[in-house]
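The next block holds one structure in the form of structure tokens; read it before the comments.
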Amino acid sequence: MPESRIKAKFEALAKKGEGALICYVVAGYPDIRTSERVIDSLVAGGADMIEIGIPFSDPIADGRTIQAACNYALGKGTRPEDAMRVARNVRKKYPDLPLLFMTYSNILLRTGFEKFMARSKDSGIDGFIIPDMPAEEAQPYIAAASELDLATVFLASPNTSPERLSNIIQSTAGFLYLVSVFGITGARDSFEDYTRDAVKRAKTAANHKIPVAVGFGISTPAHARYMMAAGADAVIVGSAILDKIGTAGGKTDMLRKIEKFAKSMKRACTRN
Amino acid sequence: MLGNYPVGGKFGKYGGKYIPETLAPAIEELETAYNKYKGDNDFQKELSYYLTEYAGRPTPLYFAKNLTKLAGGAKIFLKREDLLHGGAHKTNNTLGQALLAKRMGKKRIIAETGAGQHGVGTAIACAVLGLDAEIYMGSKDVERQKLNVFRMELLGAKVHSVESGSRTLKDAINEAFRDWIANVKTTYYLIGSVVGAHPYPMMVRDFQSVIGREIKQQLQNSMGRLPNAIVACVGGGSNAIGSFYPFLDDSGVELWGVEAGGHGLNSGEHSATLAAGSEGVLHGMLTYLLQDEYGQITETHSISAGLDYSGVGPEHAMLKDVKRAKYATATDDEAVRAFLTLSKLEGIIPALEPSHAVSHAIKLAGKMDKEDIIVVTLSGRGDKDVQVVQDYLNKKGKADRRHARK
């Protein structure tokens, strides 16, 4: 039961009074084998869920870091099948780890929603996050997902109206992905009060029926603590991890740094 | 009635709003504002004032006698959008949207540009209306359209060179979207073609439809009839839709869109989205795209930067599927030949984009009756392309001489 892996994880964490750490990697950056090892390090550091990015040529919601990682992976010939191979290998090692694909509409549409999602499920995927798939265009996507019992994670943002927010909460499954800022993905220095207000609004609207995960720009334990204090159930970290892959020296050293980073982020997600 | 589309934001199945959630409120705000001002007399009066007194509408519909003689068949008329202020049809849309932005209280305007024509059109409208303009342009296009970059700067706009992806129009659009997401409260995104999320394809079409309305009336006045065919080039497709739209439900009028065949469809180096593409989602819309089997958008090629785009307006996708419009291609070579022909025969140096349409119109006219009438939309003038054509001829001259020596 794929979707229930996400649910079980959130329930187990809630019992322990912990928030979830969700970590994003781009399949094929810098290569398929290293993507798997980065995921190992993240899990060893305490990551509760993993998002595997399937690179797309035109990622309009992404900043420089993820654009560059996707471009690099595509340049090396990474295909959606390679991302599925990563998922399959990760699934073998971690039977209970929630795994999601994050990509853009066209990647699914090209193959066909049902076919693509069925193959994803076979490779161990529990759900999808698609930033250019708003709820009003999502009928075929939601239909395929519910047929296959896959989670459809929808996104909300700080300027989402109360009416839209309640519709999005109806459509989303697994969790609600709250975009923290007016902006694209990418590590940033600080957040403004409107982010905290947005988390609170989302939590109120979700009314404990669905967890709220906050993402975009989160790159330090202080950010994670800020989101937890605002009431978030999870934080999503992506660009900050990719930055470490890009800048670190040797591979062993890089993996150690990533594990250490995940550990510090996970600690920040533990309330009290 | 095809003229009634979009219905529910869609042209059949095409179009829609495939956008990140942060933009949803902005798109909604735009749709509400556009629907309000579309029927507002004050707004339409103001737009019409700027189009006539400032930009020079109506543009002439010129009977190209010498070109007609060369083609040896149907009479060819040229709709002279090249004479519009700014040098291209783009000004119809930029004035319309900039006036709308102003009424919406937005002072910062962003836009993408390929050849630079839309960037120039945006810079012009923002200068005259007192708005700030920032233009995104792929670095490859910045390189091949230096003159237009300088024109934008002279007009007070700031030009951002885009280094991501294939460094052309699609990447400039990506970057403009990213800017809009970050500055959604203060910024108006002035899209330059009939692309993007609803309501853009509809709104840009409405602003460009002045072209087709004038064609209809001018031809009625001079010849007392409708044309047999209308021919226009298609990149994103705004001058074509603007020319076609008032004729959509006149079934006797053939509508021809001409895409950039680049080095030929078989070479894989072209921008012929409708001829060689397949269904997909890019830049907020479902439409035909040039993409690989995995859904990655592929790079395009055309000698004209303005046609170098891997997507196409969703209304064209619908018109192709229901066979109301036909879509042909012209290669780089054919476009340059038409560019030279029109320059020499009629004393009109066309932009390379409509040179594709002229090329197809010459072929088409030759097969038609002398009593028939073809209207070609000459969407822009060719000053910006003079250097590109000179380089092309020099290169070709060298290649030909090499060939002759063998």
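Each chain gets a letter, A, B and so on, in the order its sequence line appears, and its residues count up from 1.
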>> Donor-acceptor pair, distance only, cut-off 3.5 Å: does the side chain of A/Asp132 make one with the backbone of B/Tyr18?
In response: no
> Is there any residue in residues 160-168 of chain A with a non-hydrogen atom under 4.5 Å from a non-hydrogen atom of chain B, and which ones are they?
Replying inline: A/Thr160, A/Arg164, A/Ile168
> Which region of A/Asn71, side chain (C-beta onward) or backbone (N, CA, C, O), has a non-hydrogen atom less than 4.5 Å from a non-hydrogen atom of chain B, or is it both or neither?
Replying inline: side chain
>> Surrounding CD of A/Glu136 (heavy atoms of other residues, nucleotides or ligands, distance under 6.0 Å), is the total greater than 12?
In response: yes
>> Could you check whether atom CG of A/Asn207 has more than 12 heavy atoms from other residues, nucleotides or ligands sitting under 6.0 Å from it?
In response: yes
> What pair of heavy atoms forms the shortest contact from B/Val281 to A/Phe56, and how long is it?
Replying inline: O-CZ, 4.5 Å
>> When you compare the side chain of A/Leu155 with that of B/Pro20, does any pair of heavy atoms fall below 4.5 Å?
In response: no
> Atom CD in B/Gln291, atom CG in A/Leu109: separation rounded to 0.5 Å?
Replying inline: 8.0 Å
> Would you say A/Tyr72 has more than 12 foreign heavy atoms packed within less than 6.0 Å of its OH?
Replying inline: no
> Between B/Leu286 and chain A, which part of the residue has a heavy atom less than 4.5 Å away: side chain, backbone, both or neither?
Replying inline: side chain
> Salt bridge check: are B/Lys10 and A/Glu137 linked by an N-O gap of less than 4.0 Å?
Replying inline: yes
> Under a 4.5 Å heavy-atom cutoff, which of A/Ile54, A/Asp58, A/Thr111, A/Ile184 has the most pairs with chain B?
Replying inline: A/Asp58
> Counting N and O atoms only, with roles assigned by atom type, does the side chain of A/Ser57 sit under 3.5 Å from a partner on the main chain of B/Ile297, one being a donor and the other an acceptor?
Replying inline: yes
>> As an exercise, state the distance from CD of B/Gln296 to CG of A/Asn106, rounded to the nearest 0.5 Å.
In response: 8.5 Å
> Between B/Gly9, B/Gly165, B/Pro25, which shows the greatest number of heavy-atom pairs under 4.5 Å with chain A?
Replying inline: B/Pro25
>> Between B/Ser278 and A/Arg110, is there a side-chain heavy-atom distance shorter than 4.5 Å?
In response: yes
> Crowded around B/Glu163 CD? As in, over 12 foreign heavy atoms under 6.0 Å?
Replying inline: yes
> So, does B/Asn174 use its side chain to make a donor-acceptor pair with the main chain of A/Ile60 at under 3.5 Å?
Replying inline: no
> When you look at A/Glu81 and B/Tyr294, which way does the side-chain contact (heavy atoms from CB on, under 4.5 Å) test go after all the steps?
Replying inline: CA-CA 9 Å; A/Glu81 271 138 77; B/Tyr294 307 111; 3.8 Å; yes
> Roughly how far, to the nearest 0.5 Å, is CZ of A/Phe182 from OG1 of B/Thr187?
Replying inline: 12.0 Å
> Mind checking whether A/Arg64 and B/Arg178 have side chains closer than 4.5 Å, heavy atoms only?
Replying inline: no
> Of all of B/Leu289, B/Asp292, B/Ile173, which one pairs up most often with chain A through heavy atoms under 4.5 Å apart?
Replying inline: B/Asp292
> What part of A/Ile107 lies closer than 4.5 angstrom to a heavy atom of chain B: side chain, backbone, both or neither?
Replying inline: both
> Relative to chain B, which of A/Pro134, A/Ala156, A/Cys70, A/Pro55 shows the most heavy atom pairs under 4.5 Å?
Replying inline: A/Pro134
>> Are more than 12 heavy atoms, taken from residues, nucleotides or ligands other than B/Tyr5, located less than 6.0 Å from that residue's OH atom?
In response: no
